[in-house]
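This report refers to the structure that appears directly beneath it.
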Amino acid sequence: MKAGGSVVDKAEGAAGYHFPDWAYKTESSPGSRQIQLWHFILELLQKEEFRHVIAWQQGEYGEFVIKDPDEVARLWGRRKCKPQMNYDKLSRALRYYYNKRILHKTKGKRFTYKFNFNKLVMPNYPFINIRPNAGEKETELVG
DNA sequence: GCCGGAACGA
DNA sequence: TCGTTCCGGC
């Protein structure tokens, strides 16, 4: 517990809802200014150039599928200067998010996870761009 | 593949 | 505190 500077004051919504703690973090964690994995994931999801590597799952809000685990791990390792990074280690880090309620696993679906955010956090995260159907025909949903 | 404990580092 | 590394187990 640290009281030395909450980044964000609890901004109670107009409707009286509260957002999860992680939703208040902007770019860095309170103590460390290292990039967070979940933020990095959102970063990749935001860019179309990585849609063959990781992409939002159509239909489920906040759900995404890692299409190329090796590549995602490589990119993550590159960002963190950890050349030995692989999906096994990366997924362990993702698993730590379960208790933090940032992520959970979509069981049964390979390489598929789901953010616990809801539309209420969207005002805090304008850069999160979930496209349910951005006018493109979805044909990549193959079992 | 996915899970989660354990030791460890920054 | 947030992973990184390693690993036994399912």
Side-chain angles (χ1 to χ4, degrees), chain A residues 1-13 16-134 136-143:
Chain A
M1 54 170 78
K2 53 178 291 298
S6 275
V7 179
V8 180
D9 190 291
K10 259 301 198 293
E12 69 271 19
Y17 293 107
H18 67 282
F19 305 142
D21 291 350
W22 63 271
Y24 291 102
K25 302 176 185 174
T26 48
E27 297 205 5
S28 56
S29 62
S32 165
R33 48 193 59 79
Q34 281 277 319
I35 182 153
Q36 307 264 98
L37 178 55
W38 66 268
H39 201 282
F40 177 77
I41 296 294
L42 287 176
E43 192 176 303
L44 294 182
L45 285 166
Q46 169 190 243
K47 301 177 181 178
E48 306 242 347
E49 53 186 300
F50 297 114
R51 76 182 192 283
H52 59 99
V53 171
I54 184 173
W56 293 114
Q57 182 73 277
Q58 301 88 337
E60 280 297 325
Y61 200 83
E63 190 173 287
F64 63 94
V65 50
I66 298 173
K67 299 179 179 179
D68 192 340
D70 290 338
E71 182 65 7
V72 172
R74 227 197 38 169
L75 291 165
W76 174 235
R78 181 166 162 269
R79 174 65 69 89
K80 290 287 292 289
C81 299
K82 297 286 183 181
Q84 305 308 310
M85 182 54 57
N86 57 37
Y87 179 69
D88 184 48
K89 297 170 185 173
L90 186 150
S91 61
R92 182 66 189 95
L94 290 178
R95 257 169 260 140
Y96 273 128
Y97 285 150
Y98 296 171
N99 287 339
K100 295 182 180 179
R101 314 185 81 183
I102 292 176
L103 278 182
H104 64 85
K105 188 72 178 67
T106 302
K107 297 191 175 183
K109 289 187 177 180
R110 215 162 162 235
F111 308 129
T112 304
Y113 300 82
K114 187 173 179 178
F115 279 100
N116 282 345
F117 57 50
N118 50 50
K119 55 186 175 186
L120 293 178
V121 308
M122 289 303 103
N124 274 2
Y125 281 85
F127 63 85
I128 298 177
N129 193 17
I130 303 177
R131 42 188 62 211
N133 38 1
E136 52 183 33
K137 44 185 188 249
E138 44 95 1
T139 349
E140 38 197 22
L141 186 60
V142 182

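Order of the sequence lines fixes the chain letters, A, B, ..., with proteins taken first and strands second; residue numbering starts at 1 for each chain. These numbers come from the heavy atoms of this one structure, side chains and all, not from hydrogens, waters or symmetry mates.
Rounded to an integer number of Å, the gap from A:Lys100 NZ to B:dG4 P is 15 Å. Note: CZ (A:Arg95) to P (C:dT1) measures 22 Å, nearest angstrom. Rounded to whole angstrom, the span from the NE2 atom of A:His104 across to the P atom of B:dG4 amounts to 14 Å. Put simply, OH on A:Tyr87 is 19 Å from P on C:dC6, counting in whole angstrom units. If you measure from atom NZ of A:Lys82 to atom C1' of B:dG9, you get 8 Å, rounded to the nearest angstrom. In this entry the distance linking CG of A:Leu90 with P of C:dC6 reads 15 Å, nearest Å. At whole-Å resolution of the value, NZ in A:Lys89 and C1' in B:dC3 are 18 Å apart. Distance A:Arg92 CZ to C:dT5 P: 14 Å, rounded to the nearest Å.
Side-chain nitrogen and oxygen atoms of A:Tyr98 include at least one within less than 4.0 Å of the OP1 or OP2 phosphate oxygen of B:dC3. Contact between the side-chain N/O atoms of A:Gln36 and the OP1/OP2 oxygens of C:dG3 is found at a separation under 4.0 Å. Under 4.0 angstrom from either OP1 or OP2 of C:dC2 there lies no side-chain N or O belonging to A:Trp38.
Residues A:Asp88 and A:Leu37 each lie close to DNA chain C; by heavy-atom proximity, the contact nearer the 5' end of the strand is made by A:Leu37. Each of A:Ser91 and A:Asn99 was assigned the nucleotide of DNA chain B with the nearest heavy atom; the assignment lying further toward the 5' end belongs to A:Ser91.
Note: A:Tyr113 and A:Tyr97 fail the aromatic proximity criterion, with ring centroids not under 6.0 Å apart.
Counting all heavy atoms, side chain and backbone alike, A:Met85 lies closest to A:Trp76 at CG-CD1, 3.8 Å. Residues A:Leu103 and A:Asn116 share a closest heavy-atom pair of O-ND2, 3.8 Å.
Under 4.0 Å is where a charged nitrogen must lie from a carboxylate oxygen, and between A:Arg79 and A:Glu43 at least one such pair does.
Heavy atoms of A:Tyr97 sit under 4.0 angstrom from primed sugar atoms or phosphate atoms, though from no base atom. As judged by a 4.0 angstrom heavy-atom cut-off over every strand, A:Lys80 is placed among residues touching the sugar-phosphate backbone only.
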Salt bridge (charged side-chain N to carboxylate O under 4.0 Å, His left out) assessment of A:Arg74 paired with A:Glu71: CA-CA 5 Å; A:Arg74 227 197 38 169; A:Glu71 182 65 7; 3.1 Å; yes

